[in-house]
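Reviewing the structure listed below.
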Amino acid sequence: MDYNFGDIEKKWQQYWKENKTFKAENISDKPKYYVLDMFPYPSGAGLHVGHPLGYIASDIYSRYKRHKGFNVLHPMGYDAYGLPAEQYAIQTGQHPAITTENNITRYRQQLDKLGFSFDWDREVRTCNADYYKWTQWTFIQLFNHYYNNKTKKAEHINQLIDVFCKEGNANIDVACDASDIFTAEEWNNYPEKKQQELLMNYRIAFLSDTQVNWCPKLGTVLANDEVNGGLSVRGGHPVERKSMRQWSLRITAYAERLLEGLDALNWSESLKEIQKNWIGKSVGAEVSFHLSPKGADDFKVLSSGEDLGEVLKIFTTRPDTIFGVSFMVLCPEHEVINTITTSDKKEEVEQYLTWAKNRSERERQTEVNKITGVFTGAYAINPLTNEEIPIWISDYVLAGYGTGAIMAVPAHDSRDFAFAKHFNLPIPQVILPSDEEAGDTSTWTESKDSKEGTCINSGIITGMTVKEGIKTVIDFVEGKGIGKRQINFRLRDAIFSRQRYWGEPFPVYYKDGMPYMLDESKLPLELPEVDKYLPTESGEPPLARAKNWITEEGYPLETNTMPGFAGSSAYYLRYMDAKNDKEIFSKEANAYWENVDLYIGGAEHATGHLIYARFWNKFLFDLGLCVKEEPFQKLINQGMIQGRSSFVYRIKGTNRFVSYGMKNDFDVQQLHCDVNIVDNDILDIDKFRDWLPDYKEAEFILEDGVYVCGTEVEKMSKSLYNVQNPDDIIVRYGADTLRLYEMFLGPLEQSKPWDTKGIEGVFRFIRKFWKLFHDENNNLAISEEAPTPVELKILHKTIKKITEDIERFSFNTAVSSFMICANELSEVKCHKRAILEPLTVLIAPYAPHLAEELWANLGHNESITTANYPICNETYLVESNFKYPVSFNGKMRYTLELPIDMSVQEIEKAVLASPDSQKWLEGKTPKKVIIVPKKIVNIVI
RNA sequence: GCCCUGGUGGUGGAAUUGGUAGACACGCAGGACUUAAAAUCCUGUGACCAUUGCGGUCGUGCGGGUUCAAGUCCCGCCCGGGGUACCA
């Protein structure tokens with residue numbers, strides 16, 4: 001073999017390892033550049049060809065930046081806690097630490113074979129105590145801080161306690177759960193337990209009874225981003241709502257900053273959009289509706305004169321539609337229901353509540369069209385019309401958002417409309433779009449969600465625009481003290497407890513039922529051994545099985561563990577100073593590396609990791625620990641590499657398989673077939689017979705002497721037999737070819753099916769490149785001759801193009817440009833050092849092993865990594881002529897080569913004088929001649 | 001439903017600011033070398049018409065528009081991919 005990639009790649013991987021070629025120093029005169037790949041979870045299946053796509057891109061960019069004189073931080077590590085290892089432990093009894101270790105070893109081998117330039121000295125693993133010590137430490141800080149809305153940052157809880165001691169909580173503006181007002185005197189007289197309970201309403205990490213997503217199958221609680229459509233994202237198991245005492249993080253305190261911060265980030269619009277929607281800011285008003293005595297035979301609240309429940313608060317984004325309110329709706333969980341329901345409706349309401357409660361979350365979400373509800377018998381008074389409106393209950397109103405109660409405006413809200421239609425409630429129109437006339441709403445088939453228009457039938461705001469109406473109504477209710485401007489977010493606080501074994505233990509113990517933090521000196525609190533990885537018989541999490549799971553003083557330790565995002569929310573900061581055992585990272589290291597300049601990973605983390613990490617970073621920023629408020633300045637989402645499945649067609653009830661082209665002539669069953677025994681859609685019949693015992697005796701009906709398989713693009717997955725793993729490709733073509741090919745497939749951000757069809761072309765190119773340095777007998781043959789202008793032009797044109805392409809992350813076109821360059825140099829038979837040496841540096845980020853080998857062969861003793869990136873000299877690119885495309889009425893007809901410095905007048909003369917033009921003009925005089933120098937000529941006839 | 005994306009040859013894709021559509025690669029066809037094959041090299045390859053040569057017509061999901069000029073900009077649709085879903 002002319003180009004022996006096997007030996008070459010092994011040799012240089014060894015060299016990089018021994019020489020720590022890619023070690024990044026924390027002290028440097030060079031400018032820094034931080035390139036990060038999203039934290040991988042080391043799964044048992046190892047890497048498939050889809051995983052390295054982003055790693056290759058980030059590696060190319062890292063190597064490029066090193067050539068450009070940057071001190072590059074390019075680390076790698078493992079998000080090692082996770083469900084699969086624990087599920088495996090439950091099934092087999094093998095400790096998840098062993099499974100994880102094995103998986104990591106396999107991952108590392110695969111990564112090494114790809115020739116990545118990681119600084120492995122900085123590797124972190126979330127399950128290592130020296131790493132999770134700092135996860136626990138951060139949790140303690142989260143517990144010890146609250147969020148001050150006035151200063152817009154996290155502050156130490158002691159500052160809040162000071163305020164409570166001096167003036168109580170009447171005048172504070174802080175992020176908290178609803179809590180009663182108390183005076184300084186009351187506070188000072190509360191017993192410690194009561195004080196701790198109250199403080200829990202303010203801490204950023206807090207314990208509370210919340211409605212959680214409980215997944216019985218996984219035996220744990222899940223965060224909102226881990227649930228989709230009522231099913232767990234991992235495993236697809238049903239999830240139900242349940243009230244449980246859990247740790248949460250008050251991420252909602254940061255909602256506004258998480259939203260605002262997006263603007264300055266260099267992320268794709270779609271990703272920002274996903275985060276914006278997830279945060280879900282709504283601006284509107286909270287308005288109080290008084291209850292009416294109407295219909296209340298034994299109306300408790302009013303008859304007893306109690307204050308409680310006398311008003312119902314609603315949240316609306318459209319206060320201008322308040323004159324169109326014809327009823328109110330409460331969520332089934334609303335606390336006032338018992339109080340207001342009239343005796344004649346009691347039974348009906350209770351029936352409904354029982355039904356709603358037993359309805360699964362999945363049913364509720366999938367049966368959106370099913371309209372259900374019940375009338376309470378009670379009425380409220382519209383504060384602007386003084387009309388009495390019925391109060392209903394329905395589960396289309398959610399307990400977790402706003403106040404759990406709405407004013408229904410059926411004419412202008414689709415859900416209210418459907419509800420009103422179903423229960424035959426009035427539908428008054430109050431907004432009129434500018435080009436319409438008021439209609440009879442009883443003939444409407446859907447609501448008009450008029451976001452613009454004029455208010456009609458609307459008392460004091462009749463005739464106003466929507467915008468004016470909103471402002472006027474808010475001012476009115478604020479003036480009367482029955483409402484206020486209000487902003488709501490869809491974002492929920494992040495539930496932080498998991499009833500699992502394989503996660504970070506909380507640094508928490510309980511005294512008198514109240515949680516306390518361990519002293520920092522006691523960290524890390526190491527994960528204990530357990531006899532089984534299952535919950536206890538009484539339903540407690542696995543850690544409750546651990547012996548002596550108590551503090552030195554004998555207090556019980558927390559038995560929940562932290563969720564996956566705990567360990568991955570600050571790993572990028574830890575890389576800056578991964579071995580520091582005194583602090584999470586040093587101020588100096590953080591001041592130098594600041595934040596991630598380029599982050600590459602999948603878009604599936606948009607509502608999980610990427611929000612949590614931003615929140616976590618902002619918190620550490622508030623504490624003055626890190627210098628940048630945002631963790632990831634630029635982010636690229638690499639597209640997914642899908643699998644391309646192969647199919648065989650078995651004639652039903654037989655063991656005969658019919659080729660793709662004839663399958664319609666038989667009654668066949670389509671079966672997945674391992675893509676690794678199919679080449680160019682042609683099945684290797686012998687391998688197929690050996691593949692599964694069932695197929696040992698298989699017979700085939702061929703077309704043109706071969707068995708052709710059908711194909712389909714699907715997710716790459718073991719169960720679909722379409723997984724391509726990088727190791728096989730590397731054995732066959734080498735890592736450099738794989739690297740180039742993955743880039744050549746298409747734009748980084750685009751999803752595409754994996755198909756090895758084109759890999760031969762890339763392999764040919766690499767060998768062609770190699771041959772530029774060698775003669776027919778594979779001996780090194782470098783000429784020291786001076787390059788010709790043609791050769792210089794090829795080189796500098798390529799330098800320019802490759803540099804432009806890499807700067808805009810267009811790796812696929814860069815590979816094409818290398819191919820063009822190699823083709824052109826082969827054509828002129830160029831073997832000159834002056835051309836090939838810069839070219840080797842240029843290709844080094846893409847095909848590093850090849851480049852190192854050629855670089856050494858060119859006589860260099862140091863790694864090519866230290867070489868400067870070549871710079872384009874434009875003087876070699878100057879042309880004397882330009883070949884003008886000449887168009888007639890916009891249609892290109894012929895080209896004409898003219899001197900580049902020719903004036904517009906001269907060009908026109910030359911073009912019109914050309915015989916080709918005479919032919920197209922057919923004797924007519926052109927109406928107009930458009931000439932864009934060095935671009936185009938267009939003649940309008 | 002709403003939001004974000006994308007739609008270009010047989011295939012992956014290129015065209016960066018409105019200026020020669022289809023670079024580069026695969027595949028396919030033909031040829032050279034070879035006893036043969038592999039490898040390598042050369043030629044052709046959007047469709048249709050014409051073919052003796054010159055050529056011509058159409059063509060970037062569909063229908064309109066702006067412009068000397070539109071894959072690119074504007075308006076209205078269709079289809080695929082992703083996100084989200086009673087968020088008031």
Side-chain angles (χ1 to χ4, degrees), chain A residues 1-2 228-229 268-278 280-282 284 314-318 321 329 364-371 394-398 400-409 412-416 418-419 446 449 488-492 603-604 606-607 637 639-640 642 680 741 744-747 749-753 755-762 764-765 767-768 771 776 801 804-805 807-808 810 812-813 815-820 823 826 883-895 926-932 934-941:
Chain A
M1 170 80 78
D2 42 12
N228 194 346
S268 73
E269 278 313 308
S270 68
L271 189 65
K272 287 190 193 180
E273 208 54 42
I274 292 171
Q275 288 216 342
K276 266 182 205 164
N277 293 340
W278 189 260
K281 181 180 180 177
S282 300
I314 58 93
F315 173 71
T316 177
T317 54
R318 292 292 300 275
T321 60
V329 190
R364 200 184 62 76
Q365 288 189 19
T366 45
E367 297 170 7
V368 168
N369 298 328
K370 190 171 172 184
I371 296 154
S394 174
D395 68 353
Y396 84 85
V397 176
L398 301 179
Y401 186 77
T403 59
I406 60 152
M407 60 175 212
V409 186
H412 306 292
D413 179 281
S414 58
R415 297 150 305 180
D416 298 345
F419 194 84
E446 56 183 11
D449 301 344
N488 272 335
F489 292 95
R490 206 189 76 115
L491 186 71
R492 296 276 84 91
E604 68 271 19
T607 54
N637 291 123
M640 224 184 14
Q642 294 139 317
N680 259 328
Y741 183 58
F744 187 62
L745 273 176
E749 294 175 86
Q750 211 166 290
S751 285
K752 53 233 152 189
D755 193 336
T756 45
K757 254 199 219 156
I759 200 165
E760 290 286 344
V762 174
R764 271 174 216 152
F765 155 72
R767 289 198 289 170
K768 196 176 231 178
K771 281 180 188 160
E776 304 81 53
K801 180 77 165 79
E804 279 169 9
D805 284 350
E807 288 290 355
R808 65 189 174 103
S810 176
N812 56 326
T813 52
V815 176
S816 298
S817 304
F818 280 125
M819 288 174 171
I820 294 168
N823 289 346
S826 300
K883 202 170 170 187
Y884 278 93
V886 181
S887 301
F888 290 79
N889 289 340
K891 282 200 177 94
M892 210 287 285
R893 294 302 182 184
Y894 72 98
T895 55
K927 283 192 192 129
K928 203 170 171 186
V929 180
I930 287 131
I931 292 162
V932 184
K934 285 186 273 180
K935 274 266 163 68
I936 198 172
V937 176
N938 190 15
I939 297 165
V940 185
I941 312 170

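Below, chains carry the letters A, B, ... as their sequence lines are ordered, and counting in each starts from 1.
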Is [Y] close to [X] at the side-chain level, that is, under 4.5 Å between some pair of heavy atoms?
| X | Y | value |
| --- | --- | --- |
| A:Asp413 | A:Thr321 | no |
| A:Phe765 | A:Tyr741 | no |
| A:Ser826 | A:Lys771 | no |
| A:Thr895 | A:Val886 | no |
| A:Met407 | A:Asp416 | no |
| A:Lys801 | A:Thr813 | yes |
| A:Lys768 | A:Asn823 | yes |

Of all the nucleotides listed ([options]), which has the minimum atom distance to the side chain of [X]?
| X | options | result |
| --- | --- | --- |
| A:Lys752 | B:rC3, B:rG13, B:rU84 | B:rG13 |
| A:Leu398 | B:rA23, B:rC86, B:rC68 | B:rC86 |
| A:Arg490 | B:rC68, B:rU84, B:rC24 | B:rU84 |
| A:Leu745 | B:rG12, B:rC24, B:rU20 | B:rG12 |
| A:Thr316 | B:rC24, B:rA88, B:rG19 | B:rA88 |
| A:Met892 | B:rC3, B:rU20, B:rA88 | B:rU20 |
| A:Val932 | B:rA23, B:rU84, B:rG19 | B:rG19 |
| A:Phe744 | B:rG12, B:rU84, B:rA23 | B:rG12 |
| A:Pro747 | B:rG56, B:rG13, B:rU20 | B:rG13 |
| A:Ile820 | B:rC3, B:rG19, B:rC24 | B:rC24 |

Separation of atom [atom1] in [X] from atom [atom2] in [N], rounded to whole Å:
| X | N | atom1 | atom2 | result |
| --- | --- | --- | --- | --- |
| A:Ile759 | B:rG27 | CD1 | C1' | 16 Å |
| A:Gln275 | B:rC4 | CD | P | 16 Å |
| A:Tyr401 | B:rA88 | OH | P | 4 Å |
| A:Lys276 | B:rU5 | NZ | P | 11 Å |
| A:Met407 | B:rA88 | CE | C1' | 9 Å |
| A:Glu749 | B:rU16 | CD | P | 16 Å |
| A:Glu760 | B:rA25 | CD | P | 14 Å |
| A:Asn889 | B:rA69 | CG | C1' | 10 Å |

Taking only N and O in the side chain of [X], is any of them less than 4.0 Å away from OP1 or OP2 of [N]?
| X | N | answer |
| --- | --- | --- |
| A:Asn488 | B:rA88 | no |
| A:Arg767 | B:rU40 | yes |
| A:Arg764 | B:rC26 | yes |
| A:Gln750 | B:rG13 | yes |
| A:Asn812 | B:rA23 | no |

Taking [M] as the reference, what is the distance to [N] when you measure between their [atom1] atoms (whole Å, please)?
| N | M | atom1 | result |
| --- | --- | --- | --- |
| B:rU17 | B:rG71 | C1' | 15 Å |
| B:rG18 | B:rA69 | C1' | 8 Å |
| B:rA50 | B:rU57 | P | 15 Å |
| B:rU60 | B:rG22 | C1' | 9 Å |
| B:rG27 | B:rG82 | P | 30 Å |
| B:rA21 | B:rA39 | P | 37 Å |
| B:rU11 | B:rU16 | P | 23 Å |
| B:rA70 | B:rC75 | C1' | 15 Å |

Checklist entry - For RNA chain B, whose closest nucleotide is more 5', that of A:Lys801 or that of A:Gly402? => result A:Lys801

Checklist outcome for this item: Result for 5'-nearest mapping on RNA chain B, choosing between A:Asp395 and A:Gln642, is A:Gln642

State whether the side chain of [X] and the backbone N or O of [Y] hold a donor-acceptor pair below 3.5 Å, judged by distance alone.
| X | Y | result |
| --- | --- | --- |
| A:Thr756 | A:Ile759 | no |
| A:Ser887 | A:Asn938 | no |
| A:Tyr884 | A:Lys934 | yes |

Checklist entry - So, is B:rG9 syn or anti if syn means the angle is within 90° of 0? => result syn

Under 4.0 Å, heavy atoms only, any strand: does [X] hit a base, just the sugar-phosphate, or nothing?
| X | value |
| --- | --- |
| A:Ile930 | base |
| A:Ser816 | base |
| A:Val397 | base |

Item to check | A:Tyr401 and A:Phe315 aromatic ring geometry - parallel, tilted or perpendicular at 30°/60° bounds | outcome: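 Perpendicular: the ring planes of A:Phe315 and A:Tyr401 meet at over 60°.
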
Item to check | For A:Pro747 against A:Asn812, the heavy-atom pair lying closest together | outcome: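 Scanning both residues completely, I find the closest heavy atoms to be N-ND2, 3.6 Å.
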
Next on the checklist: Tell me whether the count of non-hydrogen atoms from other residues, nucleotides or ligands lying under 6.0 Å of CD in A:Glu446 goes above 12.
Outcome noted: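 Check fails, neighbour count at 12 or below.
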
Checklist entry - With Watson-Crick and G-U wobble geometry limited to distances under 3.5 Å, how should the secondary structure of RNA chain B be encoded in dot-bracket form, using | for bases paired to another strand and [ ] for crossing pairs? => result (((((((..(((......[....)))((((((.......))))))((((.....))))..(((((..]....))))))))))))....

Next on the checklist: Within residues 934-941 of chain A, which residues have any heavy atom lying less than 4.0 Å from an atom of RNA chain B?
Outcome noted: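 Within residues 934-941 of chain A, the residues near RNA chain B are A:Lys935, A:Ile936, A:Asn938, A:Val940.
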
